[in-house]
Participant: 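Before I ask anything, here is the structure I am working with.
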Amino acid sequence: MTFSKEWNQRYQENTHMSIWPWSDLISYVKRFVSPINKELKVLELGCGAGANIPFFKQLGVDYHAVEGSEAIVKKLWSRFPDLKSKIKIGDFTNAIPWEYPFDLVIDRSALTLNSTSAICNCIDSIYKNLSVDTHGYYIGIDWFSTNHAGYCEGEQTEDEYTRTNYIKGQFANVGRVHFSDADHIKELFSEFELLVLQEKVITQYIPDDHYISAAWNFVARKKRV
Ligand SMILES: C[S@@+](CC[C@H](N)C(=O)[O-])C[C@H]1O[C@@H](n2cnc3c(N)ncnc32)[C@H](O)[C@@H]1O
């Protein structure tokens, strides 16, 4: 179990309630996934406050999610009663609670909040749970980069890529945060074919702290046999 319980606390306190649509996620799904129809089985890792759910509902796909925070899942069940059996409470680094294969796994800044060994476990089980004859995509959005200023902050825990105990800034009070470089992502997804790997580096000028945020977006596809 590597789900950081701090997330449940954040949602109980109504903090970290991102509910705006994530534009990179929308662009990547629209650009890489076709056809998109009601047969498309989608699994979101760590749906949080449900920012991406209206987009998938509007696409009309067969949406599922695993989220570790009971507090936020209960809120989602009352907001989306039709998805009650499709949004499950659980640690996705332990198990994916559906047997059938998924066509698309979507992960916006969720698996990157776990340690390297937990990330490896999860990617192994996702690989087995991905369809091979149709899509078989894993789309990762906003995986923190080692070029992010936060990589030099916090305390190292468990392995060289994982940090915790941030006291200020975007990573305060959320438990583990994992940072990747390009080789690390290639290694983690070595069983997959990486179709695209892009790094966004953003320098803040106003307020003028010149803080650097950096994150990876990528598309990995299960290899055809
Ligand atoms: C930064 S939030 C992103 C939420 C959502 N994906 C979005 O785009 O708005 C990360 C979410 O992943 C969940 N999470 C992280 N690790 C998890 C794990 N091992 N099992 C289940 N949920 C996890 C957290 O509870 C949190 O809700």
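Order of listing sets the numbers, starting from 1, for every ligand and every atom in it. Throughout, numbering of the chain's residues begins at 1 and tracks the sequence.
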Participant: Verify whether the ring centers belonging to Tyr127 and Phe192 lie closer than 6.0 Å.
Facilitator: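 Centroid separation for Tyr127 and Phe192: below 6.0 Å.
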
Participant: Taking 4.0 angstrom as the limit and counting only heavy atoms of Gly48, give me the atoms of ligand 1 inside it, by number and element.
Facilitator: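 Near Gly48, meaning under 4.0 Å from one of its heavy atoms, ligand 1 has 4 (C), 27 (O).
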
Participant: Any heavy-atom pair between the side chains of Tyr28 and Arg108 that's under 4.5 Å?
Facilitator: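 Not touching, per the 4.5 Å side-chain cut-off.
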
Participant: Enumerate the atoms of ligand 1 whose separation from the nearest heavy atom of Glu44 is less than 4.0 angstrom.
Facilitator: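 Every atom of ligand 1 under 4.0 Å from some heavy atom of Glu44: 6 (N).
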
Participant: What do we get for Asn114 next to ligand 1 when only non-hydrogen atoms under 4.0 Å count, side chain, backbone, both or neither?
Facilitator: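 Side chain only.
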
Participant: When you look for heavy atoms under 4.0 Å from ligand 1, do you find them on the side chain of Asn52, its backbone, both, or neither?
Facilitator: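 The side chain, only.
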
Participant: Check for me whether Gly50 has a heavy atom closer than 4.0 Å to any atom of ligand 1.
Facilitator: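 It does not, in that no heavy atom of Gly50 comes within the 4.0 Å cut-off of ligand 1.
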
Participant: Suppose I only count heavy atoms of Gly90 and a 4.0 Å limit; which atoms of ligand 1 are within that range?
Facilitator: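 Here the atoms of ligand 1 in question are 20 (N), 21 (C).
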
Participant: For side-chain contact (heavy atoms from CB on, under 4.5 Å), just list the numbers for Glu158 and Arg163, CA-CA rounded to whole Å, side-chain angles, deciding distance to a tenth of an Å, and then say yes or no.
Facilitator: CA-CA 8 Å; Glu158 288 150 299; Arg163 299 278 183 276; over 6 Å; no

Participant: Is Arg108 close to ligand 1, meaning an N/O of one under 3.5 Å from an N/O of the other?
Facilitator: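 Yes; at least one N/O pair falls below 3.5 Å.
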
Participant: Ring pair (Phe, Tyr, Trp, His ring centres under 6.0 Å), that's the test. Do Phe56 and His64 meet it? Break it down for me.
Facilitator: CA-CA 10 Å; Phe56 288 113; His64 304 66; over 10 Å; no

Participant: Does Cys122 approach ligand 1 within less than 4.0 angstrom via side chain, backbone, both or neither, non-hydrogen atoms only?
Facilitator: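 Cys122 to ligand 1: no contact under 4.0 Å from either part.
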
Participant: How close does the nearest protein non-hydrogen atom get to atom 13 (C) of ligand 1, and which residue and atom is it?
Facilitator: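 Going by distance alone, atom 13 (C) of ligand 1 is nearest to Glu67 OE1, 3.4 Å.
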
Participant: Short N/O distance, under 3.5 Å, between Ser18 and ligand 1?
Facilitator: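 It does not: no N or O of Ser18 is found under 3.5 Å from an N or O of ligand 1.
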
Participant: Could you find the nearest protein heavy atom to atom 9 (O) of ligand 1 and give me its residue, atom name and distance?
Facilitator: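 I find the closest protein heavy atom is Trp22 NE1, 3.1 Å.
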
Participant: Taking atom types as modelled, is there a side-chain donor on Tyr63 or Glu44 under 3.5 Å from an acceptor on the other?
Facilitator: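 Side chains of Tyr63 and Glu44: pair found under 3.5 Å.
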
Participant: With a cut-off of 6.0 Å (strictly less than), are more than 12 heavy atoms of other residues, nucleotides or ligands near CD1 of Ile19?
Facilitator: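 No, because the 6.0 Å sphere around CD1 of Ile19 holds 12 heavy atoms or fewer from other groups.
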
Participant: Checking a contact table here: which protein heavy atom is nearest atom 26 (C) of ligand 1, and how many Å away?
Facilitator: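 Going atom by atom, the protein heavy atom closest to atom 26 (C) of ligand 1 ends up being Tyr11 OH, 3.3 Å.
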
Participant: Can Asp24 and Ser27 be counted as having a side-chain donor-acceptor contact under 3.5 angstrom?
Facilitator: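 The answer is no; no qualifying pair exists.
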
Participant: Give me the residue, atom name and distance of the protein heavy atom closest to atom 4 (C) of ligand 1.
Facilitator: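 Looking at atom 4 (C) of ligand 1, the protein heavy atom closest to it is Gly46 O, 3.4 Å.
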
Participant: Is the shortest heavy-atom distance from the side chain of Ile96 to the side chain of Leu43 under 4.5 Å?
Facilitator: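 They are in contact (side-chain heavy atoms under 4.5 Å apart), so the answer is yes.
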
Participant: For Ala51, which part has a heavy atom under 4.0 Å from ligand 1: side chain, backbone, both, or neither?
Facilitator: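 The part of Ala51 near ligand 1 is the side chain, not the backbone.
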
Participant: Taking the side chain as C-beta and beyond, is there a heavy-atom pair between Val66 and Trp98 under 4.5 Å?
Facilitator: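 The answer is yes; the side chains approach within 4.5 Å.
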
Participant: Side chains of Glu155 and Asn165: any donor to acceptor distance under 3.5 Å?
Facilitator: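 Side chains of Asn165 and Glu155: pair found under 3.5 Å.
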
Participant: Among side-chain atoms of Asp107 and Tyr138, is any donor-acceptor pair under 3.5 angstrom?
Facilitator: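 The criterion, which ignores hydrogens and geometry beyond distance, is satisfied for Tyr138 and Asp107.
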
Participant: Tell me which protein heavy atom sits closest to atom 15 (C) of ligand 1, plus the residue, atom name and distance to 0.1 Å.
Facilitator: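 Checking every protein heavy atom, the shortest distance to atom 15 (C) of ligand 1 gives Ala110 O, 3.6 Å.
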
Participant: Identify the closest protein heavy atom to atom 22 (N) of ligand 1: which residue and atom is it, and at what distance?
Facilitator: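 Answer for atom 22 (N) of ligand 1: Gly68 N, 3.0 Å.
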
Participant: Ignoring angles and geometry beyond distance, decide whether Val66 reaches within less than 3.5 Å of ligand 1 through its nitrogen or oxygen atoms.
Facilitator: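 By distance alone, the answer is no.
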
Participant: For atom 20 (N) of ligand 1, what is the closest protein heavy atom, and at what distance to 0.1 Å?
Facilitator: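 Result: Phe92 N, 3.2 Å.
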
Participant: Pick one: which of Leu45, Val177, Asn121, Thr93 meets side chain to side chain contact (heavy atoms under 4.5 Å, CB included) with Asn114?
Facilitator: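 Looking at Leu45, Val177, Asn121, Thr93, the match for Asn114 under the side chain to side chain contact (heavy atoms under 4.5 Å, CB included) is Thr93.
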
Participant: What atoms of ligand 1 come closer than 4.0 angstrom to any heavy atom of Thr93?
Facilitator: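 Reading through ligand 1 atom by atom, the close ones are 19 (N).
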
Participant: Tell me which protein heavy atom sits closest to atom 2 (S) of ligand 1, plus the residue, atom name and distance to 0.1 Å.
Facilitator: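 Looking at atom 2 (S) of ligand 1, the protein heavy atom closest to it is Trp7 CH2, 3.8 Å.
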
